[in-house]
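Heads up, the thing below is written out as C-alpha cells.
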Number of protein chains: 2
Amino acid sequence: MPTYEHPRPSVTVDVVVFGYDGGHDLKLLLIQRGSDPYQGQWALPGGFVEMDEDLEAGALRELEEETGVKDLFVEQLYTFGKPGRDPRGRVISVAHYALVNLSKHPAAAASDASEVAWFSLDKLPELAFDHAEIIKLATTRLRAKVRYQPIGFELLPEEFTLGELQALYETILGVPEFNKRNFRTRILRTGILEEVGRQQNVAHRPAILYRFNEATYQQLVEQRDSGVLRRALDFEI
Amino acid sequence: MPTYEHPRPSVTVDVVVFGYDGGHDLKLLLIQRGSDPYQGQWALPGGFVEMDEDLEAGALRELEEETGVKDLFVEQLYTFGKPGRDPRGRVISVAHYALVNLSKHPAAAASDASEVAWFSLDKLPELAFDHAEIIKLATTRLRAKVRYQPIGFELLPEEFTLGELQALYETILGVPEFNKRNFRTRILRTGILEEVGRQQNVAHRPAILYRFNEATYQQLVEQRDSGVLRRALDFEI
DNA sequence: TACCTTTGTTTAAATTCTAAACTAAGGAAT
DNA sequence: ATTCCTTAGTTTAGAATTTAAACAAAGGTA
C-alpha cells in the first residue's frame, strides 16, 4: 500500500528552549505569532518539517530562522498529535527541548516571526495551541533528567564553580537549598568534573573552576552499561 | 500559512509489544509483512494513522487489526523520522511500546497481515525498515523505566508472588540473580503491594499472593511530587 | 516421621549519608 | 598592617541504610 493513498497530516517540529543566566530562574524562548491562527499570541519556535530533513535538524533550522539562536543541545521530547490541537487541520507536532547558556547565546531577537523574547519560566504569557502543555511536559522531563544525566552543564558557561552548579540544580529543581556541602562530595566523586583554575577578583576565597569532562563521562556510561560499575553516575540530588 | 501549502510526510504508528509468560525471557510480538516493501520480512505491528484519531489510539487500533491483541498498557516511545527510513517516501513513525501478560492475552494470531508470532527478545529474526533500532530503544527504555515506575506489573497476572515478581525483574534487566531476599524488603516497604491470599498446592511453603495497589501508588506519587516524601518510591533494583 | 524445597524473618557488620564544626583564602574596612 | 566579612572547601562523628548470612516456617513427598 503506497503512501499516497492515505490522507496525510501535517507535521511540525517545535522547540522548548530553556535558558539560564546564573540567576534564580530558568528562561524560556518564545516568539510572538505574526500570522493567522493565534496571531499576536506567544508560542514555541517551530514550523513545518521539510521533506528531506531529519526531525532534530528541522527543529534546529526553525529555531535559527525564527530566533537566530543556534548551536545548542537539543533532544526529542514527545509527539503531540491529538486531533483538534491545531485549528488549521490535523497537525502532528514532534516537540523537542533545548538547553542554552544565555551568556554564550546573547539576546535572541530576529527575523520573519514578529517578536522574540525570553520569559521567566514561572511568568509565562498565555500561549498558542497546546504549547502550555508541551512546556509543562518539557519542564517535568528536564527536572527528571537532570538528576541522572549531566545535561545541566549545557546551561552553564564552559567553566564554572561548584557553587554555580549547585545554584543551577536548585533553580531547575525548585528546591530552596539542599544538601549544603554534600552536593560537592557527590558530584566530585563521580570524576566527571575537571579542575581548570580558580576564580579571579572575588571578595572572598576564590572557588575552583571546573569543566565538564565528556570523555570521563562516556567512559563511566560504558562501564555502567557493561555492568562493571553500578552507582558511579548516581549524583542523585 | 495554511497547511495545504506544504508537502506532507506520511505518519505511521508502530508498537513494540513486550510479552511475558513467567519464563526466563521476554517475548516480542511481530507480524510478517504481506505486501510491498519488505514483503515476507518480520516487522512491528503498525500502520498509517487516521486523520481523526489520537496517536495512541491509532497504535492500539493497528495492533488489534493486525494481531487481535487488545486492552493493554501502551505508551509513546520516540518518533523516528530520518529521511530514507522507508523506501515508499517520507514516512515518520511515532513508535510506542506496550506490555502484556501472555496468560491473559492468549496466542495472538490473526487477520489481514499474513502471519503473527511471538519471538524471544534475544532470538529475533531479521526485521523490516529500521524496526531493529526501534526495538533496541524500546528495550533500553523498558529496562530504565522498570527501575523507577511499577510498569512491570503489567506483565504479570493479577495476583503474583514476590518470587515471580523478582524473576520478572531479573528477566527484564538481564541480571542472573540479585539481592536475594532484600528485594522483598524494598518492594514491600513501598506499600504498593496488597496481600490477597496464599498459593495453593505447591510442594513447599506456599508464598503469599500479592496484587498491585494502584490507589496507594498514585497517593505516593502525589506525596513525592508535592515534596512530602523523597525516597518512598525508589525500589531501585 | 524425616526430608526436601521454597518462603519469609531477624540481625550484625559494613557501608553510606547527614549535618555540623572547623579551616582556608581572598578582598574590604579600619 | 590588622581585623573582619564572606564564601570555599575539609573533616568527622553519629545516624541511617544496605548487605548478606543465618535462621525459622510451611507445605508436599517419600
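The shown structure was predicted, so the numbers you read here are calculated from the model rather than taken from an experiment. Convention: sequence-line order gives letters A, B, ...; per-chain numbering from 1.
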* Nucleotide nearest B:N201 when distance is taken to its side chain, options D:dG9, C:dC17, D:dG28 -> D:dG28

* Please find out if less than 6.0 Å separates the ring center of A:Y78 from that of A:F80. => yes

* Asked: Roughly, in whole Å, what's the span from CZ in B:F183 to C1' in C:dT7?
  -> 14 Å

Could you list all N or O pairs between the protein and nucleotides 22-25 of chain C that sit under 3.5 Å apart?
residue: C:dA24; atom: O4'; partner: A:R205; partner atom: NH1; Å: 3.2
residue: C:dA24; atom: N3; partner: A:R205; partner atom: NH1; Å: 3.1
residue: C:dA25; atom: N3; partner: A:R205; partner atom: N; Å: 3.0

* Structure fact -> Whole-Å distance, B:L188 CG to C:dT7 P, equals 13 Å

For residues 156-164 of chain B, run the donor-acceptor check on the side chains, cut-off 3.5 Å, and write out each pair with its distance to 0.1 Å, sequence neighbours left out.
residue: B:T161; atom: OG1; partner: B:G163; partner atom: N; Å: 3.3
residue: B:T161; atom: OG1; partner: B:E164; partner atom: N; Å: 3.0
residue: B:E164; atom: OE1; partner: B:T161; partner atom: N; Å: 3.1

* To do: Check the distance between D:dA8's P and A:E195's CD and give it to me in whole angstrom.
  => 15 Å

* Which sits closer to the 5' end of DNA chain C, B:R184 or A:A203, going by the nucleotide each is nearest to? -> B:R184

Side-chain donor/acceptor pairs under 3.5 Å, residues 195-207 of chain B, sequence neighbours excluded:
residue: B:R198; atom: NH2; partner: B:P206; partner atom: O; Å: 3.2
residue: B:Q199; atom: OE1; partner: B:A207; partner atom: N; Å: 3.0

* Structure fact -> Whole-Å distance, A:Q199 CD to C:dG26 P, equals 11 Å

* Nearest-Å distance for atom pair CG/C1', residues A:N182 and D:dG14 -> 14 Å

* Asked: Looking at side-chain heavy atoms only, is the closest gap between A:F153 and A:I192 below 4.5 Å?
  -> yes

* Asked: Once you round it to whole Å, what is the distance between C1' of C:dT7 and CD1 of B:I187?
  -> 16 Å

* Considering only side-chain heavy atoms of A:L162, which listed nucleotide, D:dG9, D:dA20, D:dT29, is closest? -> D:dG9

* Asked: Can you tell which of C:dT7, D:dT18, D:dA8 lies closest to the side chain of B:A207?
  -> C:dT7

* **Shortest non-hydrogen separation from A:F73 to A:I151 and the atoms involved** => CZ-CG2, 3.8 Å

* Report the distance from atom CD1 of B:I208 to atom P of D:dA26, rounded to the nearest whole Å. => 11 Å

* Determine: side-chain N/O of B:R186 to OP1/OP2 of D:dT19, distance under 4.0 Å, yes or no. => yes

* Residue B:R189, side-chain atoms from C-beta onward, closest of D:dT18, C:dT9, D:dG9 -> D:dT18

* Any side-chain donor near an acceptor of the partner, B:E170 and B:Q166, under 3.5 Å -> yes

* Is a donor on one side and an acceptor on the other found under 3.5 Å between the side chain of A:Y20 and the backbone of A:G23? -> yes

* Within this structure, what is the CG-to-P distance between A:L209 and D:dA8, rounded to whole angstrom? -> 11 Å

